[in-house]
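Below is one structure, written out as structure tokens, with a few remarks after it.
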Amino acid sequence: MSRGATLKRVFVGLPKPSGALEHTLLPKIIALPVFASDPLSSNAYATQEILLVLALAGNAALSLAVPISVAVATLLTIVVISYRQTVRAYPNGGGAFRVSYENLGMVPGLLAASALLTDYVMTVAVSIVAGVDAIVSAAEGLEGLEVEIALIFVLFVTLMNLRGVKESGTLFAIPTYGFVLSIFALIMTGAVKCLGGCPAAETAGTPLEVEHALTIFLVLKAYAAGTTALTGVEAISDGVQAFRYPQSRNAATTLALMGALSITMFMGITLLARYTGVVPSHTSDKTVVAQIASAIFGTGPMFYVVQIMTAAILILAANTAYQDFPRLSSILAREHFMPRQFLNRGDRLVFSNGVIVLALLASSLIVFFKADLTSLIQLYLVGVFISFTMSQFGMVSRWKKVRGPKWQRSLAINAFGGTVTAVVFFVVVTTKFGRPPGPGAWIVVTVIPIIMYAMYSVHRHYTDLARQLELPERRPVDRRAGNQHMVIVINQVNAAAARAVGYARSVRPSSISAITFDNAWTGAWERLAPEIALTILEPEGSQIDAVKRYLLARRAELPGDDFLTAVIPEVLRSRSLSEVLRRPGLHRLKAALLPQPGVEVLDIPLVKEDIDVGSGWAQEPVRNYCVILVSRVHNALLHAIEYAETLRPTDIRAVTFGLDPEETEKVGDDWLLAQIPHPLEIEDSPYRDIGQSLVHYIRQFAADGVDRVVTVIIPEFIVEKRRHQILHGQTALIVKRHLLFETGVVVASVPYHVEEPAAAAATTSR
Amino acid sequence: VTASVLPFAQLFNRLLDTREALWVDKVRTWACAVPGAHPIAHAEAGRRVDFAGVVESIRIDPIGGTIQAVVTDGTGRMRVEWSIARLTSAGRTLPGHAFFLTGLAVATPEGDLMLRDPFWREIRGPEQG
């Protein structure tokens with residue numbers, strides 16, 4: 001095992017087989033801190049946000065904090081009830097996106113999804129920076145190192161999440177429950193003390209300057225500020241599939257528990273703030289919670305417990321986003337709105353690509369805004385309320401369609417909730433824009449439509465690709481074995497070139513030719529393959545261009561249904577990936593030939609230590625096993641099967657790896673339906689590593705490269721726009737890397753050219 | 001001293017074990033604990049076998065009209081063959097699924113052991129506990 005892999009095991013842990021997924025499901029006791037750390041952490045500052053706005057109207061206005069908090073708690077109750085309905089209706093998760101997409105349409109669905117994704121990135125950046133701020137204000141020596149400390153925390157939370165959902169949840173449960181217990185201790189002790197007269201906070205009685213009249217707008221502004229208590233409530237609805245069975249019921253119970261805890265803590269803190277007479281100030285060193293804790297507990301150990309737990313929960317609020325961003329990305333990828341790579345589960349069964357992308361985006365924000373909380377927090381709430389509103393109205397539409405028992409009551413709850421969250425959304429936007437927008441504001445406002453458009457483009461690409469792969473007019477025609485033409489691209493006349501000659505002869509193609517740039521090889525070639533004409537090319541421009549021109553001319557001479565294969569032999573000095581870097585020209589050539597229409601590329605690598613000087617050069621292999629790599633049954637695969645048949649192999653078999661049970665079952669059914677006259681082998685890949693599993697599979701043939709060869713045939717999509725290449729799983733690249741050093745393995749890339757939608761439509765109409 | 005060092009040595013070995021070795025170890029431990037199951041390694045041609053195993057691979061052969069599976073219990077491998085019609089009516093099998101199989105082992109021309117149309121039931125696999 002490589003050093004890198006050992007190091008990965010130390011940091012991330014031992015890999016888990018796919019069958020262990022059920023073990024990673026969360027019991028309610030772990031799910032609560034995993035999904036509720038963000039909403040529970042909001043209680044650390046929600047009351048303070050209300051008081052800070054009311055303080056603009058002077059001391060008397062602070063009494064409005066209690067009724068405003070009741071209104072916020074009512075909204076929270078409505079949202080929780082509504083999301084409980086959502087998790088029951090959509091047990092596969094997806095939350096606001098799923099509800100909006102299925103009931104309101106693609107645009108509202110994408111709006112909800114992009115708002116949520118933006119919000120998750122902001123949650124990580126804001127919560128970690130808030131936690132770092134708390135640490136730096138306690139340890140002034142760390143001032144100036146905010147960015148570095150924040151990035152270390154991002155790395156820490158990322159690594160913990162890469163170790164697995166349950167592992168990170170168990171670790172982070174301690175501070176989350178610690179925070180809840182410490183706040184409950186504060187509330188209960190405060191309540192008991194208040195029976196005999198509440199102790200006064202240190203700022204009690206401090207006169208406030210009236211800067212603003214107490215208007216409806218100011219009250220609305222205070223209400224909007226208090227709705228920060230709602231952030232993260234949607235998290236459970238996105239992650240229903242992370243719960244133990246029965247998933248919907250457990251998610252709904254956890255949601256109710258989270259709502260009850262949040263409301264109790266929020267109202268308890270607000271009431272204590274009111275009765276201890278806390279007067280908030282932007283310039284004060286102490287937060288509202290700290291002032292209450294100081295008044296209730298004095299400066300004893302419990303005061304510090306509350307402070308430490310508050311700082312910890314602020315940082316750990318990021319963990320909720322780490323659960324939901326990767327999960328939502330995978331749901332979007334399944335619906336073809338995001339690249340397929342987001343569907344992949346890593347060694348520990350988490351959607352690791354989503355975790356890493358989230359960490360990179362949040363880190364970029366932290367670096368870009370120099371870990372400045374004020375800049376980052378602007379319009380933080382916008383995404384949350386977009387998703388709340390979309391989700392509620394989506395449910396209204398659903399009740400109208402489904403009309404289950406008591407649907408009118410459910411519809412009324414969702415309609416009311418949707419209206420209130422929509423009003424709050426406008427209040428939030430209006431009040432946030434009322435002050436000069438910080439740099440954070442334009443990020444949310446501009447990024448959401450950009451993400452929506454990007455997701456729409458990705459969806460259009462995948463949908464069009466799927467359509468082209470099923471088009472009956474692009475279904476390949478039957479070819480006879482003779483419809484194969486080969487051109488051997490000679491760099492040197494060496495053992496690899498001899499293998500290529502032997503291989504090409506065994507195929508018995510209609511024609512074989514060879515090309516090179518150095519006429520010094522003419523003599524050696526005459527001795528090696530006298531019957532194969534060698535053409536010396538003039539490298540006008542680059543050698544790659546010259547090869548492409550030659551193949552283009554050759555292609556033009558052949559019937560359209562014939563295959564033209566560029567055979568590329570290469571000798572590798574060792575089994576090290578540095579070989580790829582040492583010979584970039586050859587790899588550039590292979591990459592450049594793949595997009596050539598009507599040209600297949602056959603790579604014949606030979607590692608120096610495998611050269612057997614005793615065996616006859618250019619010996620034809622006795623057995624040639626063709627293995628076709630299958631992901632789905634479509635035109636590209638049928639084209640690759642046709643190609644395999646023209647190679648006159650001893651045996652053709654197709655292989656697929658059972659990464660997704662549903663898809664694998666479909667491949668098996670489609671294989672039988674398509675009446676393909678070759679066996680399909682479905683191999684297990686418990687650790688989801690196709691490259692390694694394929695190598696394991698290939699080794700059963702005991703290929704030696706002389707008598708026995710294995711030709712691995714990879715159907716590859718060639719897209720016109722280079723940026724679209726990233727939307728494909730890069731499986732071909734991974735497989736080629738693993739097979740490059742395997743003895744006796746030849747890799748054939750059979751391209752399937754995907755046209756742009758407009759061109760494809762023109763082809764169809766023709 | 002040995003007792004205190006042993007856990008560290010085991011941890012170190014686990015860090016260096018290949019994933020395949022870890023998996024085989026897990027399957028063997030699980031299969032041995034299934035009531036009524038006997039190791040594949042002890043199976044003989046011409047005798048009835050009862051074993052628990054995990055499907056490693058499936059081969060759908062449309063020409064032969066069969067579905068063949070290679071099942072392992074960590075001590076060995078057994079080929080199992082069903083006719084396509086029979087299997088599709090009885091249910092589905094995919095790599096990673098765990099079964100309890102009962103049937104008469106026969107030797108193939110290659111010298112491997114094989115079960116044809118055995119009795120089978122799906123059971124909870126090594127990862128489901």
Side-chain angles (χ1 to χ4, degrees), chain A residues 1-3 5-11 13-25 347 349 630 652-689 692-693 695-697 700, chain B residues 8 10-27 29-30 53-72 74 77 79 81-85 87-88 91-99 110 112 122-129:
Chain A
M1 205 167 60
S2 70
R3 268 184 221 165
T6 312
L7 207 62
K8 189 177 167 194
R9 277 192 189 184
V10 170
F11 282 109
L14 292 168
K16 286 183 176 179
S18 304
L21 196 60
E22 200 179 311
H23 281 293
T24 65
L25 300 180
D347 270 0
L349 294 168
V630 179
I652 296 180
R653 56 184 81 184
V655 64
T656 189
F657 294 92
L659 299 185
D660 180 317
E662 270 177 42
E663 281 196 13
T664 310
E665 204 166 295
K666 186 174 179 335
V667 170
D669 289 344
D670 290 350
W671 191 265
L672 290 171
L673 275 176
Q675 297 183 320
I676 297 166
H678 304 290
L680 168 72
E681 304 202 327
I682 305 170
E683 291 287 311
D684 196 12
S685 182
Y687 296 98
R688 306 161 294 285
D689 183 346
Q692 205 56 50
S693 302
V695 167
H696 185 253
Y697 174 81
Q700 68 172 304
Chain B
F8 291 103
Q10 281 171 343
L11 177 69
F12 188 67
N13 284 338
R14 279 176 72 77
L15 283 174
L16 296 180
D17 265 350
T18 62
R19 290 183 302 200
E20 287 70 27
L22 290 170
W23 175 240
V24 169
D25 198 34
K26 189 166 262 194
V27 172
T29 314
W30 161 80
V54 175
V55 177
E56 270 192 345
S57 62
I58 304 280
R59 182 185 170 96
I60 299 174
D61 183 355
I63 302 294
T66 59
I67 291 183
Q68 293 165 13
V70 175
V71 182
T72 180
R77 290 187 171 83
R79 277 171 62 191
E81 188 179 283
W82 291 277
S83 63
I84 287 178
L87 189 70
T88 42
R92 287 282 176 190
T93 179
L94 285 174
H97 283 197
F99 292 101
E110 296 84 36
D112 301 327
E122 196 163 353
I123 55 175
R124 290 177 71 77
E127 292 302 339
Q128 279 96 48

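Heavy-atom basis, side chains included; hydrogens, waters and symmetry copies ignored. Throughout, a chain's letter reflects where its sequence line sits, starting with A, and its residues are numbered from 1.
Of the listed residues Gly658(A), Pro677(A), Ala654(A), Gly13(A), the one with more heavy-atom pairs under 4.5 angstrom with chain B than any other is Pro677(A).
With hydrogens and angles ignored, the 3.5 Å screen pairs a side-chain donor or acceptor of Gln700(A) with a backbone N or O of Tyr697(A).
Atoms CG and CD, from Asp660(A) and Glu665(A) in turn, are 10.5 Å apart once rounded to the nearest 0.5 Å.
Using a 4.5 Å cut-off between heavy atoms, Val55(B) touches chain A through its backbone atoms (N, CA, C, O) alone. For Pro686(A), the part lying near chain B is the side chain, with the backbone staying farther off; criterion is any non-hydrogen pair under 4.5 Å.
Proximity of Ser693(A) to Glu683(A): side-chain heavy atoms (C-beta onward) are nowhere separated by under 4.5 Å.
With 3.5 Å as the limit, one finds no donor-acceptor pair spanning the side chains of Gln692(A) and Tyr687(A).
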